[in-house]
Amino acid sequence: MKRFYISTPIYYVNARPHLGHAYTTIVADSLTRFHRVLGEETFFLTGTDEHGDKIAEAAKAAGSSPGQYADEISAAFRELWPKLGIEHSDFIRTTEERHKACVRGILTRVHDAGDIYFGEYGGHYCFGCERFYTEKELKDGLCPDHGTRPEYIKEKNYFFRMSKYQDWLIDHIEQNPDFIRPARYKGEVLSLLQSGALEDLCISRPKTRLSWGIELPFDENYVTYVWFDALINYISALGLGSSNFERFWSSANHLVAKDILKPHAVFWPTMLKAAGIEPYKHLNVHGYWLIKDAKMSKTVGNVVEPLALADKYGLDAFRYFLLREMRFGNDASFSEDAFVTRLNADLANDLGNLFSRVLSMTRKYFAGKVPAEAAHAEEDLEVISLGRSAIRNFQQLFKDLKFSMALESLWDLVRGLNKYVDSTAPWALFKAKDMERLATVMYVLLEHMRKLGVCLWPVMPDASTRMLSQLGIAFDPEAVDLESEAESWGGLRPGLDLAESSRLFPRVEV
Ligand code: MSP
């Protein structure tokens, strides 16, 4: 059986969830659903990243203890996801014992293998990034990400011999062209790796400076650097050496935005290599949601509340918009205007109208029952062939994370069907009492609408379930075979009772 394991980043608990977090998590959910209706066994992991300076500072500012603070914000993430239609298989918190034990296990392995050493280091430390920067990496002496002046810190710490795996990593990336995708990010990582010697990674923090972390198994005076701790969640959640690990690890897909490319593309694979674990399968990297050209972030103070939008315009429309608007890998701009325009054009007009027209015609002409079709005419064959290629392309593009193009392709079919209604003019056939031809036209439409309902389930689970139920079908994802939908014909059973009317996506008046 084919398997599919996908993870989102585990989100920091120093800020409440915003649209950026929602996007990544909705993409992961849609991909999981997509692989489910392809008949694969899936595992979808998300969670929260709770150790480190950033959280300790935020807790202090809120007048709370790190543990209490983490509990509260972690719960906000956990409670939000089901409200956005997200069905994850597991939710990991780095403060859980199962995670801490796994981190200690991996640290011990790497330490025993001789890839961790003790040394002194001085560097420019950015508290926002929780990492040291070299002189070269700073922009005019400031953190390239936060624009703040880092602090020069000199201290004794433990280091992971990351440099030892530089050549291996370059080779692995070159041998596996879609290890990091889309290609531009693979290019970025390769040029970083080829531009000079990789430094070793400082993986500890002295407890005198920071105590909110996982104690090193080989030195009680230190806690683990938060990134070394956090990345291991992708394994601790499966349970290293467990049957879940055996089942899913080889299909691991990580999903992240470009802000955390380096830890995922450089730290993580070399950590795995040193621990004797095979690398993940794919790192999938997307761009930023921007608001008027600035990255949406808590620091900038321009965050969009995902739940407020989903409540205002409908969850399905929200999920559709996010996947349709952003070209995976590139940045995209978010604006409520663009959202409403798309909702009205693609959903209310194109898709919603198709359903309401066809259902009301079927009610009028065939008492609301799916009619049986007769032989296909030329124009039927044309629209069926359009459907075949639209659905085939949709599947291939979606599999390749080209969600926007995949939906565009499906909308070629939606619009093609609306044109088909206009050109076959069912009302004229009815007037001419050509019931056999009319039945065929209506069947061709309804069968395509069923296919659209199935294809759209990963993106719009509620709307898709309603679309199918309006066609008399109780949707069961386990019984569906998405792969066959491009080629098959006649899945919709004549005689089924259709809904009397369809109001899928009400128009938003502006
Ligand atoms: N805790 C680390 C990740 C550790 S994973 C082992 C972290 N957390 S975070 O809360 O800052 O989340 C970063 C992620 O949130 C991004 O990689 C992306 O998935 C999502 N996004 C946050 N802001 C975003 C945008 N403005 N646009 C798109 N995605 C964004 O980094």
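Atoms within each ligand, like the ligands themselves, are counted from 1 in listed order. Along the sequence shown, the residues carry numbers beginning at 1.
Closest to atom 11 (O) of ligand 1 among all protein heavy atoms lies Tyr12 CD1, 3.4 Å. From the protein, the heavy atom lying nearest to atom 3 (C) of ligand 1 is Ile10 O, 3.2 Å. Counting protein heavy atoms only, atom 30 (C) of ligand 1 is closest to Gly20 CA, 3.5 Å. The single protein non-hydrogen atom nearest to atom 15 (O) of ligand 1 is His21 CD2, 3.4 Å, given as residue, atom name and distance. Looking at atom 27 (N) of ligand 1, its nearest protein heavy atom turns out to be Trp289 N, 2.9 Å. Looking from atom 23 (N) of ligand 1 to the surrounding protein, the closest heavy atom is His18 CE1, 3.3 Å.
Contact check on Lys312 versus Glu336 returns a salt bridge, with a Lys/Arg side-chain nitrogen under 4.0 Å from an Asp/Glu carboxylate oxygen. Between Arg319 and Asp29 a salt bridge is recorded (basic side-chain N to carboxylate O distance below 4.0 Å). Under 4.0 Å is where a charged nitrogen must lie from a carboxylate oxygen, and between Arg33 and Glu87 at least one such pair does.
Residue nearest to atom 6 (C) of ligand 1, selected from Tyr23, Tyr234, Tyr11: Tyr234 (by heavy-atom distance).
Taking only nitrogen or oxygen atoms, main chain and side chain alike, Ile260 does not reach within less than 3.5 Å of ligand 1. Polar contact check, Lys295 against ligand 1: no nitrogen or oxygen pair lies under 3.5 Å apart. For Asn233, no nitrogen or oxygen atom sits less than 3.5 Å from a nitrogen or oxygen atom of ligand 1, counting backbone and side chain alike. Geometrically, ligand 1 and Trp227 share no nitrogen or oxygen pair separated by less than 3.5 Å. Here's the thing with Met296: one of its N/O atoms is less than 3.5 angstrom from an N/O atom of ligand 1.
Not a single heavy atom of Trp268 sits closer than 4.0 Å to an atom of ligand 1.
The distance from ligand 1 to the heavy atoms of Asp259 drops below 4.0 Å at these ligand atoms: 13 (C), 16 (C), 17 (O). The atoms of ligand 1 that sit less than 4.0 Å from any heavy atom of His286 are 19 (O), 28 (C), 29 (N). Atoms of ligand 1 found under 4.0 Å from any heavy atom of His264, numbered from 1 in the order shown, are 5 (S), 6 (C). The atoms of ligand 1 that sit less than 4.0 Å from any heavy atom of Asp49 are 1 (N), 2 (C), 4 (C). Taking every non-hydrogen atom of Thr24 and a distance limit under 4.0 Å, the qualifying atoms of ligand 1 come out as 18 (C), 19 (O), 20 (C). Taking every non-hydrogen atom of Gly287 and a distance limit under 4.0 Å, the qualifying atoms of ligand 1 come out as 28 (C). Atoms of ligand 1 lying under 4.0 Å from at least one heavy atom of Ala230, given by number and element, are 6 (C). The ligand atoms of ligand 1 that sit less than 4.0 angstrom from a heavy atom of Tyr288 are 27 (N), 28 (C).
Under a 3.5 Å cut-off, the side chain of Asp171 and the backbone N or O of Asp167 do not form any donor-acceptor pair.
Atoms NZ and OG1, on Lys100 and Thr224 in that order, are 10.5 Å from each other to the nearest 0.5 Å.
Cation-pi geometry between Lys258 and Tyr288 is met: under 6.0 angstrom from the ring centre, within 45 degrees of the axis. A cation-pi arrangement is absent between Arg342 and Phe321 under the rule of less than 6.0 angstrom and at most 45 degrees off the ring axis. Within the cation-pi definition used here (under 6.0 Å to the ring centroid, within 45° of the axis), Lys54 qualifies as a partner of Tyr12. Under a cutoff of 6.0 Å and an axis angle of 45°, Arg131 and Trp227 do not form a cation-pi pair.
Ring geometry for His254 against Trp249 counts as tilted: the plane angle lies between 30° and 60°, on a 0 to 90° scale. Ring planes of Tyr158 and Phe118: tilted class, angle from 30 to 60°.
A ring-centre distance under 6.0 Å is not found for Tyr125 and Tyr133.
Side-chain contact check for Tyr11 and His18: no donor-acceptor pair (N or O, by modelled atom type) lies under 3.5 Å.
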